[in-house]
Amino acid sequence: MVERDPWRVLDAQPNVRTMIAGLEARGATPAQMRLRRRFLRFLPVRRGDRVLEVGCGSGVVVRDLAALVGRRGEVVGVDRSRTVLSAARRLCRPAAARTRITLRHAEGGRLPFAARRFDVALAVTVILHVADAAAVVGEMARVTRPGGRIGLQDQDFGMLAVTHPDRELTDHVLDGVVRHLYEEPYSGRRLPGLLRAAGLERVRLLTDFFQDTTLEPWTKTFLERRAAYAVEFGLVDAATAQQWLDGFSAQVAAGSFVFTMTYYGAVGLKP
Ligand SMILES: C[S@@+](CC[C@H](N)C(=O)[O-])C[C@H]1O[C@@H](n2cnc3c(N)ncnc32)[C@H](O)[C@@H]1O
């Protein structure tokens, strides 16, 4: 059940390159860029900050962080996948000419940094995928200085809404897939509680949305992947999965397609 989440063991995935391309496609989707930057302002990240991103993937957030902290700041990204880190090193090269960026292989639950090393530690769409979320948040808190900020942002798959002529089938596919795929598909809503349990103070919550009315390439790929998983997990047969996907194209043609995914962003202060 649990080991089905491909983001836990990215290096073992036969389609790891496609998954990395998916991170970049998501990162370049304008509504996703705005969503990410609203969260970074909510933290906030300031000029000159020393920032750690846990589960940095291909470096989408690292590049945004580098622009925010500027020449005097520092961005450190860690990830447990060596493949994604090598992509991140390539993709972050131009940003690294202007800001100090370090990309390191590390487990979120065992961070190789001294206590109080950072002003800000954050994890974006990562906590959903980790087995021991409390251990990762505890480590993020340890390496953050007193008065520093710890921020978590995750989707919550119980809060995904999409138009489709067959609502029952849509619920069956979407809910069924996340139940098979993730240990905690409703991760977003638990983030404030995780921060408080780690001893953080003045916890704030930003509930935000990714909204798409045109079936952006990233959304299309997301729905196609859900359809493929539904077949793999025996929830529907291949013909039904294809009919389900065709239902979205019909909605787009009719101008009635709406897709919203909820993201919860939570921030706490290290006492
Ligand atoms: C969905 S990606 C998000 C990447 C990036 N934060 C972004 O928003 O584009 C999740 C990343 O977390 C990494 N990851 C998962 N579990 C981890 C852990 N226990 N420690 C460190 N990284 C982890 C994965 O390898 C993957 O690169």
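Along the sequence shown, the residues carry numbers beginning at 1. Note that these values count all heavy atoms, side chains included, but never hydrogens, waters or copies made by symmetry. Counting convention: from 1, in listed order, for ligands and their atoms alike.
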Asker: Could you tell me whether Arg8 and Glu183 have a side-chain N and a carboxylate O separated by less than 4.0 Å?
Answerer: yes

Asker: Any idea which protein heavy atom is nearest atom 5 (C) of ligand 1, and the distance to it?
Answerer: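 Here the nearest protein heavy atom works out to Gly55 O, 3.4 Å.
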
Asker: So which of Arg8, Met19, Arg80, Gln32 gets nearest to atom 17 (C) of ligand 1, if we judge by its closest heavy atom?
Answerer: Arg80

Asker: Among protein heavy atoms, which sits nearest to atom 19 (N) of ligand 1, and what does the distance come to when rounded to 0.1 Å?
Answerer: Glu107 OE1, 3.2 Å

Asker: Examine the proximity of ligand 1 to Ser58 and report which part, side chain or backbone, both or neither, has a heavy atom under 4.0 Å away.
Answerer: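 For Ser58, no heavy atom sits under 4.0 Å from ligand 1.
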
Asker: Counting both backbone and side chain atoms, is some N or O of Val78 under 3.5 Å from an N or O of ligand 1?
Answerer: no

Asker: Can you tell me which portion of Glu53 lies within the under-4.0 Å heavy-atom range of ligand 1? Options are side chain, backbone, both, or neither.
Answerer: side chain

Asker: Can you say whether the rings of Phe248 and His164 are parallel (under 30°), tilted (30 to 60°) or perpendicular (over 60°)?
Answerer: perpendicular

Asker: In terms of the angle between their ring planes, are Phe157 and Phe222 parallel, tilted or perpendicular, with boundaries placed at 30° and 60°?
Answerer: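 Correct class here is parallel.
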
Asker: Check ligand 1 against Ser81 and write out every atom of the ligand that is under 4.0 Å from a heavy-atom position of the residue.
Answerer: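 Every atom of ligand 1 under 4.0 Å from some heavy atom of Ser81: 25 (O).
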
Asker: Could you check if a side-chain atom of Asp119 sits within less than 4.5 angstrom of a side-chain atom of Arg145, using non-hydrogen atoms only?
Answerer: yes

Asker: Heavy-atom pairs closer than 4.0 Å: do any link ligand 1 to the side chain of Thr125, the backbone, both, or neither?
Answerer: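 For Thr125, backbone and side-chain atoms both sit under 4.0 Å from ligand 1.
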
Asker: In terms of heavy-atom contacts, does CZ of Arg38 have more than 12 from other residues, nucleotides or ligands at under 6.0 Å?
Answerer: yes

Asker: Is Val136 close to ligand 1, meaning an N/O of one under 3.5 Å from an N/O of the other?
Answerer: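 So ligand 1 has no N or O lying under 3.5 Å from an N or O of Val136.
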
Asker: Would the distance check show the side chain of His105 and the main-chain N or O of Leu85 forming a donor-acceptor pair, the cut-off being under 3.5 Å?
Answerer: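 Not a single qualifying donor-acceptor pair exists.
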
Asker: Quick one: look at Arg26 and ligand 1, take heavy-atom pairs under 4.0 Å, and tell me if it's side chain, backbone, both or neither.
Answerer: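 Side chain only.
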
Asker: With a 4.0 Å cut-off, would you call Asp64 and Arg37 a salt bridge?
Answerer: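 Yes.
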
Asker: Is it the case that atom CD in Gln211 sees more than 12 heavy atoms from other parts of the structure closer than 6.0 Å?
Answerer: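 No, CD of Gln211 has 12 or fewer neighbouring heavy atoms, counting only those of other groups under 6.0 Å.
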
Asker: Is it true that the NZ or CZ of Arg4 lies under 6.0 Å from the centre of Tyr229's six-membered ring and within 45 degrees of the ring axis?
Answerer: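 No, a cation-pi geometry is absent between Arg4 and Tyr229.
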
Asker: Applying a 4.0 Å heavy-atom criterion (strictly less than), which segment of Val126 is in contact with ligand 1: side chain, backbone, both, or neither?
Answerer: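 Val126 to ligand 1: side-chain contact only, backbone stays beyond 4.0 Å.
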
Asker: For atom 27 (O) of ligand 1, tell me which residue out of Val84, Asp79, Val9 has the closest non-hydrogen atom.
Answerer: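 The nearest heavy atom belongs to Asp79.
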
Asker: Which of the atoms in ligand 1, numbered in the order shown and given with their element, are less than 4.0 Å from a heavy-atom of Gly57?
Answerer: 4 (C), 27 (O)

Asker: Quick one: does Gly108 get an N or O within less than 3.5 Å of an N or O on ligand 1?
Answerer: yes

Asker: Using a 4.0 Å heavy-atom cut-off, which part of Cys56 comes near ligand 1: side chain, backbone, both, or neither?
Answerer: backbone

